[in-house]
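The model shown is predicted, which means the values in this text are computed figures rather than measured ones. Excluded from the calculations below are hydrogen atoms, water molecules and symmetry mates; all remaining heavy atoms, backbone and side chain alike, are included. For the single chain, residues carry numbers from 1 onward in sequence order.
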Amino acid sequence: MHHHRCGNAPGAVSPGDQAVIDAFRSMLAALRTPEPWTQGTTHAIAVRVGTAVERARLRPGDSDGPDVIAIALEHPDGPHTPYGAAYRHLGWLRCDTAAILGIWSPAYAPLTHAASGLDLPATIGMDPAHYAVHVQAHTTGPACTLLRLGPYTQTGHAYRDAERLTALLDARQLTAAPGARLTVATAPFRADRHHQYTDPAGADVGALLAVTLTRAPASTGAG
């Protein structure tokens, strides 16, 4: 009488187990040799967030030098997944390019918070990617910030307004207090000092500067 063994033969791997093994091997291979990311790439990228790896997309054309770029974290299943609200709520973030692992691969999905059933950490370690334009008066002492414009959600908009204000100053259409030199520069937006900023949306920034200068004290101090 012959007895038939149920299940797989000794040493055989079930199809389900094989799928898990294959996924693990793919993840290790992706971690060992990630597809390189370079500035200007439009593909989704893999970003380290603590001990996890998350999917992210870039804000096209929006970088702050070679070391910082604006990103939005995404659910590993893509930006439109119904379960991605926690990711979308974060908005655009300033990401150190050193945290970018490479081009996103589905093999990284098991390393995300979502795949582990975990919430995103309360502190991502990235500041909001908002920008500002500062107009400062320089005398013999520390510079005085006369006007803070922001927040800008695109560096291009901030640069455009900074260039316009600089052109006005260069054309001597606006003047500072006697002996003061005015400069215009872009800077990160400080959310903790939001009350010090003037929202530039829909505003004539040249007119805002003109009004600011009429109110500026003759003697400037640090600010």
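The two residues Ile103 and Pro36 have their closest heavy-atom pair at CG1-O, 3.4 Å. Pairing each heavy atom of Ser116 with each of Pro110, the nearest pair is OG-O, 4.0 Å. Across all their heavy atoms, Cys95 and Ala99 have their closest contact at SG-CB, 4.3 Å. Taking every heavy atom of both residues into account, Asp77 and Thr81 meet most closely at CB-CB, 4.2 Å. Counting all heavy atoms, side chain and backbone alike, Ala70 lies closest to Ala129 at CB-CB, 3.8 Å. Pairing each heavy atom of Pro188 with each of Arg94, the nearest pair is CG-NH2, 4.1 Å.
Between the NE2 atom of His130 and the CZ atom of Arg190 there is a distance of 15.0 Å, given to the nearest 0.5 Å. Here OG1 of Thr212 is found 4.0 Å from CG of Leu147. Values are rounded to the nearest 0.5 Å. The CG atom of Leu169 lies 8.5 Å from the OG1 atom of Thr183; values are rounded to the nearest 0.5 Å. Of the inter-residue distances, the one linking Thr112 atom OG1 with Leu118 atom CG reads 9.0 Å to the nearest 0.5 angstrom. Between the OG1 atom in Thr155 and the OH atom in Tyr131 there is a gap of 5.5 Å [rounded to 0.5 Å].
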Q: Begin from the C-alpha positions of Arg164 and Val205 and carry the test side-chain contact (heavy atoms from CB on, under 4.5 Å) through to its verdict.
A: CA-CA 8 Å; Arg164 182 185 175 195; Val205 294; 3.8 Å; yes
Q: Test Leu93 against Leu73 for side-chain contact (heavy atoms from CB on, under 4.5 Å), laying out the working first.
A: CA-CA 8 Å; Leu93 303 168; Leu73 295 182; 4.3 Å; yes
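Counting heavy atoms from C-beta on, the side chains of Leu213 and Val135 never come closer than 4.5 Å. Looking only at side-chain heavy atoms (C-beta outward), Val184 and His134 stay at 4.5 Å or farther from each other. Taking the side chain as every heavy atom from C-beta outward, Leu208 and Thr198 approach each other to under 4.5 Å. Within the 4.5 Å cutoff, the side chain of Ile69 has heavy atoms near those of the Gln39 side chain. Counting only heavy atoms from C-beta outward, the side chains of Trp37 and Leu101 never approach each other to under 4.5 Å. Two residues are said to be in side-chain contact when any heavy atoms from C-beta on lie closer than 4.5 Å; Leu165 and Leu149 meet this criterion.
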Which donor-acceptor pairs under 3.5 Å do the side chains of residues 119-128 make with protein atoms, sequence neighbours left out?
none

Contacts under 3.5 angstrom, residues 45-58 side chains, donor-acceptor by atom type, not counting sequence neighbours:
from, atom 1, to, atom 2, distance (Å)
Glu54, OE1, Tyr87, OH, 2.9
Glu54, OE2, His113, N, 2.9
Glu54, OE2, His113, ND1, 2.6
Arg55, NE, Glu74, OE1, 2.8
Arg57, NE, Glu74, OE2, 3.0

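Using modelled atom types, no side-chain atom of Ser105 and backbone atom of Tyr108 make a donor-acceptor pair closer than 3.5 Å. In terms of modelled atom types and a separation under 3.5 Å, the side chain of Arg59 and the main chain of Thr153 share a donor-acceptor contact. For Thr166 (side chain) and Ala162 (main-chain N/O), a donor-acceptor pair under 3.5 Å exists by modelled atom type.
In terms of hydrophobic clustering, with Ile, Leu, Val, Met, Phe, Trp and Tyr side chains grouped at heavy-atom distances under 4.5 Å, Tyr152 and Trp92 are assigned to different clusters.
Applying the under-4.5 Å side-chain rule to Ile, Leu, Val, Met, Phe, Trp and Tyr, the cluster around Phe189 extends to Tyr197.
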